[in-house]
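First comes the structure, then the notes that go with it.
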Amino acid sequence: MTRTVCIVHHSGFGHTARQAAAVADGVREVDHVECVELTVEDLTDADAHGWRTLDHATAIVFGSPTYMGSASAAMKRFMELTSERWLEQKWANKIAAGFTNSGSQNGDKQNVLFEFVTLAAQHGMVWVGLGLLPGNNSSGGSPADLNRLGSSLGAMAQSDIDQGPDDCPPESDLETARHLGRRVAQFAHGWSAP
Ligand SMILES: Cc1cc2nc3c(=O)[nH]c(=O)nc-3n(C[C@H](O)[C@H](O)[C@H](O)COP(=O)(O)O)c2cc1C
């Protein structure tokens, strides 16, 4: 049976979109799992087809740039629109995961992942974390390490603010995003909701 992993993200300038594409690449590495990529712009209308895709997905991965230490306003708008689903607990027992990208190494981006964890919990979803030890945290480490930003809750990426999305986030962050996609897809493949 084929399972669907949906990735829904916002990206103002294309950097988080590259991270989202890497998550999708990871999902597609897993057999019997299909990946559907949506942007929040696809979901501004409550009747948009994308909502039904989300309703039927086994897993939903949320992604946003970090703007002012929070998910972007466009992402927050989408999060609020999900309240219709929340009322019916329509997404209960789906798998959830998340990713974020910011300009600074820290940039308060963990807060975005907390926002996604809270969103998922309100919906009764089951959160899947990154499942990687931190990289780049020892004398032998390097910024090329997987999970170089040392996240646990989800995938983090950092994009220099004077570079465009063709140049960042770096490959280590994209590989970390691929790892998250693969991991979510592996869980989705074997998922049996209670
Ligand atoms: C309105 C705004 C607020 C931002 N706030 C933060 C912030 O709180 N922390 C940070 O590290 N970077 C911040 N940034 C930088 C973005 O996170 C960074 O440029 C990111 O790569 C943008 O991703 P995008 O191209 O997908 O929009 C901000 C950028 C904008 C436009």
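Start at 1 and go down the list; that is how both ligands and their atoms are numbered. Please read these numbers as outputs of a predicted model, since none were measured by experiment. In what follows, residues are counted from 1 in the order of the sequence shown.
For atom 5 (N) of ligand 1, the candidate residues are H15, M68, H9, Q105; the nearest heavy-atom contact is made by M68. Between atom 11 (O) of ligand 1 and the options S104, G12, G63, the minimum heavy-atom separation is to S104. The heavy atom nearest to atom 10 (C) of ligand 1, considering only G103, A20, S159, S70, is found in G103.
For the pair N106 and ligand 1, the shortest N or O to N or O distance does not fall below 3.5 Å. Distances between N or O atoms of F13 and those of ligand 1 include at least one value under 3.5 Å. Below 3.5 Å of separation, one finds no N or O of P65 facing any N or O of ligand 1. Between G107 and ligand 1, a contact under 3.5 Å exists for at least one N or O pair.
Heavy-atom contacts of S11 reach the following atoms of ligand 1: 24 (P), 25 (O), 26 (O), 27 (O) (cutoff under 4.0 Å). Close approach to T16 involves these atoms of ligand 1, each under 4.0 Å from a residue heavy atom: 23 (O), 24 (P), 26 (O).
Scanning the protein heavy atoms around atom 8 (O) of ligand 1, the nearest turns out to be G69 N, 2.9 Å. The shortest contact between atom 21 (O) of ligand 1 and any protein heavy atom is with N101 ND2, 2.8 Å. Scanning the protein heavy atoms around atom 1 (C) of ligand 1, the nearest turns out to be Y67 CG, 4.1 Å. Nearest protein heavy-atom neighbour of atom 6 (C) of ligand 1: T66 O, 3.3 Å. The single protein non-hydrogen atom nearest to atom 19 (O) of ligand 1 is I161 CG2, 4.2 Å, given as residue, atom name and distance.
Distances shorter than 4.0 angstrom do not occur between any heavy atom of D108 and any atom of ligand 1.
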Worked verdict on Y67 versus M75 for side-chain contact (heavy atoms from CB on, under 4.5 Å): CA-CA 10 Å; Y67 287 173; M75 189 70 200; over 6 Å; no
Could you please spell out the steps behind the side-chain contact (heavy atoms from CB on, under 4.5 Å) verdict for S172 and L146? CA-CA 5 Å; S172 49; L146 205 56; over 6 Å; no
Stepwise, does the side-chain contact (heavy atoms from CB on, under 4.5 Å) test hold for Q105 with L149? CA-CA 7 Å; Q105 301 284 316; L149 296 165; 3.6 Å; yes
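With salt bridges taken as basic N to acidic carboxylate O contacts below 4.0 Å, one links E115 and K76. The residues R178 and E175 are annotated as salt-bridged, a charged nitrogen and a carboxylate oxygen being separated by less than 4.0 angstrom.
Going from atom CD1 of I60 over to atom CG of L54 covers 4.5 Å, rounded to the nearest 0.5 Å.
Side-chain polar atoms of K109 and T66 form no donor-acceptor pair below 3.5 angstrom. If you check the side chains of T82 and H123, you find a donor sitting under 3.5 Å from an acceptor.
Environment of CD in Q163: crowded, with over 12 heavy atoms of neighbouring residues, nucleotides or ligands closer than 6.0 Å.
A distance of 6.0 Å or more separates the ring centres of F62 and W127.
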